[in-house]
Every structure is written in C-alpha cells, then in structure tokens.
S.K.: 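Below is a structure I'd like to ask you about.
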Amino acid sequence: MDAKWQKAGGLVALCLIMFVVTLDTTITNIALPDITRSFSTTLDTSNWISTVYVLFFSVLMIPMAKIADQLGRKRLMVIGLILFGIGSLACGLAKSIGMLIAMRTVQGLSGAIVTPIIVPLSVDLFGRAKANQIVGVIGAAAAVAAAAGPPIGGLLIHLWSWHEIFFVNVPIVLLTLGLVAICFHESYDTTISKSIDYIGIVLLSSGLFFVTF
C-alpha cells in the first residue's frame with residue numbers, strides 16, 4: 001500500500017477506535033429508562049450498565065498497555081476489537097439485565113485493551129515528530145464522541161430501540177479491523193522487560209478498582 005494511503009487509513013482507524021470506545025461511555029445513559037422498562041428492573045440495577053463499563057475500562061488500561069508492549073500492539077488491538085464487537089453484539093441481543101451487564105463488562109475490558117495502544121501505534125506509523133499532532137486529532141474524535149453519545153443514542157432509540165445503540169458498534173468495529181490489518185505493522189516496546197509482574201498487576205488493578213468504585 002502507498003505510504004500516504006496507509007497513514008490516512010491508519011489515522012481513520014485510530015480515530016474510529018477512540019470514537020466508538022468513548023461513545024459507549026455516554027450513549028447508554030439516555031437508554032437506561034427504556035432498558036429498565038424492557039427488563040422490568042430498577043434504575044439502580046440498570047445503572048450498572050454504564051458503571052461496569054467505565055469501571056473495568058478505567059481499572060484495566062494500565063496493565064493492558066504493559067501487556068500490549070510485550071506481546072505485540074497490533075495483536076492486542078485486533079483481539080480487543082474482536083472482543084468489543086462480540087460484546088456489542090451480545091449486548092444488543094441480551095435477554096436479561098444480568099447478561100447485558102456481563103457483556104458490558106466485556107466491552108469495558110476490550111475498551112481497556114485498545115485505548116492505551118492508540119498512542120504507541122500512532123507514533124509507530126507517523127513518527128515521533130508528528131505524534132502530538134496526530135494524538136490531537138484522535139483526542140478531537142474522543143471529544144466529539146463524548147458529546148455525540150446522548151443525541152445519537154436518542155435518535156437510535158426514537159427510530160428503532162435501545163438494542164441499536166449496541167448494534168451500531170459492529171460495522172464500525174468490522175471496518176476498523178480491516179484498516180488495522182492493512183495499515184499497521186506489529187510493534188513492541190523492546191526497552192522493557194519481557195517478564196510480567198502478575199502480583200503487581202493484581203495489586204494495581206485491585207487498588208484502582210476500589211478507588212474508582
């Protein structure tokens with residue numbers, strides 16, 4: 001692939017990843033009343049649909065960044081995107097509030113996998129000289145997604161149902177998977193140790209979990 005088109009496709013992929021992951025932090029809020037009625041549950045229970053996503057997303061980003069540096073960023077990005085797509089599809093098909101919350105956990109985990117890889121992949125593709133500019137563009141995509149979540153969610157619910165706020169992620173994920181496969185090479189952080197401090201990961205994640213919770 002021509003280097004110009006490779007970089008353009010890579011930038012689109014990174015922006016889409018940040019967009020869809022950020023979108024899912026806000027798009028569900030407006031759907032909670034509909035979901036609560038659909039499953040005949042309480043708002044306290046359905047609130048976990050939003051909470052569990054942000055909780056796992058926040059807690060697992062640091063250890064996932066370390067694992068990606070060691071095992072391969074492109075590989076982890078692909079795994080994370082596949083999990084996010086599966087989690088989104090399963091959320092839309094959920095037949096109980098418990099299943100929906102469980103699948104939102106999968107979405108939170110996958111969001112934590114892909115998000116910290118965005119910056120090193122952008123550096124690898126564009127070089128350090130342009131990294132700040134590229135990260136700024138990606139940050140703008142996140143800001144748009146955060147603001148667009150409620151109106152997009154409201155429109156999807158108005159036209160169809162709350163299920164579509166999850167189904168809408170699937171084509172975005174499929175497009176992004178194709179772009180990642182074509183536009184990026186595998187990369188690692190060769191300056192760090194290859195050993196994984198499992199005890200440290202457990203302690204760090206547990207601490208972050210309780211602080212965030």
Side-chain angles (χ1 to χ4, degrees), residues 14 17-29 31-32 35 41-88 90-91 94 97-124 131-132 135-136 138-139 141-143 145-147 149 166 169 173 186-213:
L14 296 176
I17 293 165
M18 182 59 79
F19 182 87
V20 74
V21 170
T22 307
L23 184 73
D24 264 44
T25 64
T26 59
I27 196 172
T28 56
N29 294 336
L32 291 182
I35 294 173
T41 186
T42 65
L43 192 57
D44 285 343
T45 300
S46 58
N47 268 329
W48 278 100
I49 296 166
S50 298
T51 303
V52 76
Y53 177 84
V54 177
L55 189 60
F56 277 79
F57 181 89
S58 304
V59 167
L60 296 175
M61 272 203 297
I62 294 175
M64 289 302 160
K66 173 75 170 179
I67 292 172
D69 287 341
Q70 293 177 319
L71 301 184
R73 293 157 180 157
K74 180 178 178 179
R75 179 180 304 156
L76 263 291
M77 179 64 81
V78 169
I79 292 172
L81 286 171
I82 291 173
L83 284 176
F84 195 87
I86 292 172
S88 298
C91 282
I97 190 67
M99 180 181 177
L100 180 53
I101 293 172
M103 292 303 101
R104 284 289 284 174
T105 302
V106 174
Q107 280 192 307
L109 167 63
S110 53
I113 293 173
V114 302
T115 302
I117 309 175
I118 290 175
V119 172
L121 279 183
S122 66
V123 172
D124 186 61
N132 288 339
V135 171
I138 296 169
F166 301 110
N169 295 335
V173 168
E186 189 58 276
S187 65
Y188 307 85
D189 187 341
T190 57
T191 66
I192 61 175
S193 170
K194 291 297 182 182
S195 63
I196 298 177
D197 181 7
Y198 293 103
I199 296 176
I201 287 177
V202 171
L203 291 174
L204 174 64
S205 299
S206 300
L208 288 172
F209 178 89
F210 287 113
V211 169
T212 307
F213 180 77

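In what follows, every heavy atom counts, from backbone to side chain, and hydrogens, waters and symmetry copies are set aside.
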S.K.: Compare all side-chain heavy atoms of V202 with those of S206 and state whether any distance is below 4.5 angstrom.
M.R.: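 A side-chain contact exists here, since the closest heavy-atom pair is under 4.5 Å.
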S.K.: Rounded to the nearest 0.5 Å, how far apart are SG of C91 and CD1 of I35?
M.R.: 8.5 Å
S.K.: Considering residues at least two apart in sequence or located in another chain, which fulfil the side chain to side chain contact (heavy atoms under 4.5 Å, CB included) criterion with T26?
M.R.: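 Only P150 meet the side chain to side chain contact (heavy atoms under 4.5 Å, CB included) criterion with T26.
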S.K.: With sequence neighbours left out, write down each residue that passes side-chain hydrogen bond (donor to acceptor under 3.5 Å, both in side chains) with N29, or none if nothing qualifies.
M.R.: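 So N29 forms a side-chain hydrogen bond (donor to acceptor under 3.5 Å, both in side chains) with S50.
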S.K.: Nearest 0.5 angstrom please: R104 CZ to T28 OG1, how far?
M.R.: 4.5 Å
S.K.: Are the side chains of P116 and I62 in touch, meaning some heavy atoms are under 4.5 Å apart?
M.R.: no
S.K.: For I101, give me all partners under side chain to side chain contact (heavy atoms under 4.5 Å, CB included), at least two apart in sequence or on another chain.
M.R.: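 With sequence neighbours excluded, I101 shows a side chain to side chain contact (heavy atoms under 4.5 Å, CB included) to T45, W48, I49, V52, I97, given in chain and number order.
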S.K.: Just how far is it from atom CD1 of I79 to atom CG of L109, taken to the nearest 0.5 Å?
M.R.: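 Interatomic distance, I79 CD1 to L109 CG, rounded to 0.5 Å: 10.5 Å.
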S.K.: Hey, what do you get for CD1 (I118) to CZ (R73), rounding to the nearest 0.5 Å?
M.R.: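 Answer rounded to 0.5 Å: 13.0 Å.
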S.K.: CG/D24 to OH/Y53 distance, rounded to the nearest 0.5 angstrom?
M.R.: 5.0 Å
S.K.: Would you mind reporting whether M77 and I17 have side-chain heavy atoms less than 4.5 Å apart?
M.R.: yes
S.K.: Is any side-chain heavy atom of M103 closer than 4.5 Å to one of V106?
M.R.: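 V106 vs M103: side chains touch.
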S.K.: Not counting sequence neighbours, which residues clear side chain to side chain contact (heavy atoms under 4.5 Å, CB included) with A145? List them please.
M.R.: F19, T22, L23
S.K.: The criterion is side chain to side chain contact (heavy atoms under 4.5 Å, CB included); which residues satisfy it with I201, sequence neighbours excluded?
M.R.: P63, I196, S205
S.K.: M61 pairs by side chain to side chain contact (heavy atoms under 4.5 Å, CB included) with which of L208, T115, V114, I117?
M.R.: T115
S.K.: Write down the atom of S88, the atom of Q107, and the distance for their closest heavy-atom approach.
M.R.: OG-NE2, 2.8 Å
S.K.: Between S187 and K74, is any pair of side-chain heavy atoms under 4.5 Å apart?
M.R.: no
S.K.: Say whether, by atom type as modelled, one donor and one acceptor occur between the side chain of N47 and the main chain of L43 under 3.5 angstrom.
M.R.: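 Pair found, side chain donor or acceptor close to backbone of L43.
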S.K.: For the pair I27 and F166, evaluate side-chain contact (heavy atoms from CB on, under 4.5 Å) and give the outcome as yes or no after the intermediate values.
M.R.: CA-CA 9 Å; I27 196 172; F166 301 110; over 6 Å; no
S.K.: Are the side chains of R75 and Y188 in contact, using a 4.5 Å heavy-atom criterion?
M.R.: yes
S.K.: Just verifying a value: how many Å separate T51 OG1 and F56 CZ, rounded to the nearest 0.5 Å?
M.R.: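 Going from OG1 on T51 over to CZ on F56, the span is 12.0 Å.
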S.K.: Give a yes or no on this: more than 12 heavy atoms of other residues, nucleotides or ligands lie within 6.0 Å of atom CD1 of I199.
M.R.: no
S.K.: Can you name the nearest heavy-atom pair linking M18 to A142, along with the distance?
M.R.: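 The pair with the smallest heavy-atom distance is CG-CB, 3.4 Å.
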S.K.: Within the 4.5 Å heavy-atom criterion, are V20 and F84 side-chain neighbours or not?
M.R.: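 Side chain of V20 against side chain of F84, heavy atoms only: contact under 4.5 Å found.
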S.K.: S46: what forms a side-chain hydrogen bond (donor to acceptor under 3.5 Å, both in side chains) with it, not counting sequence neighbours?
M.R.: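 Expected list: T36.
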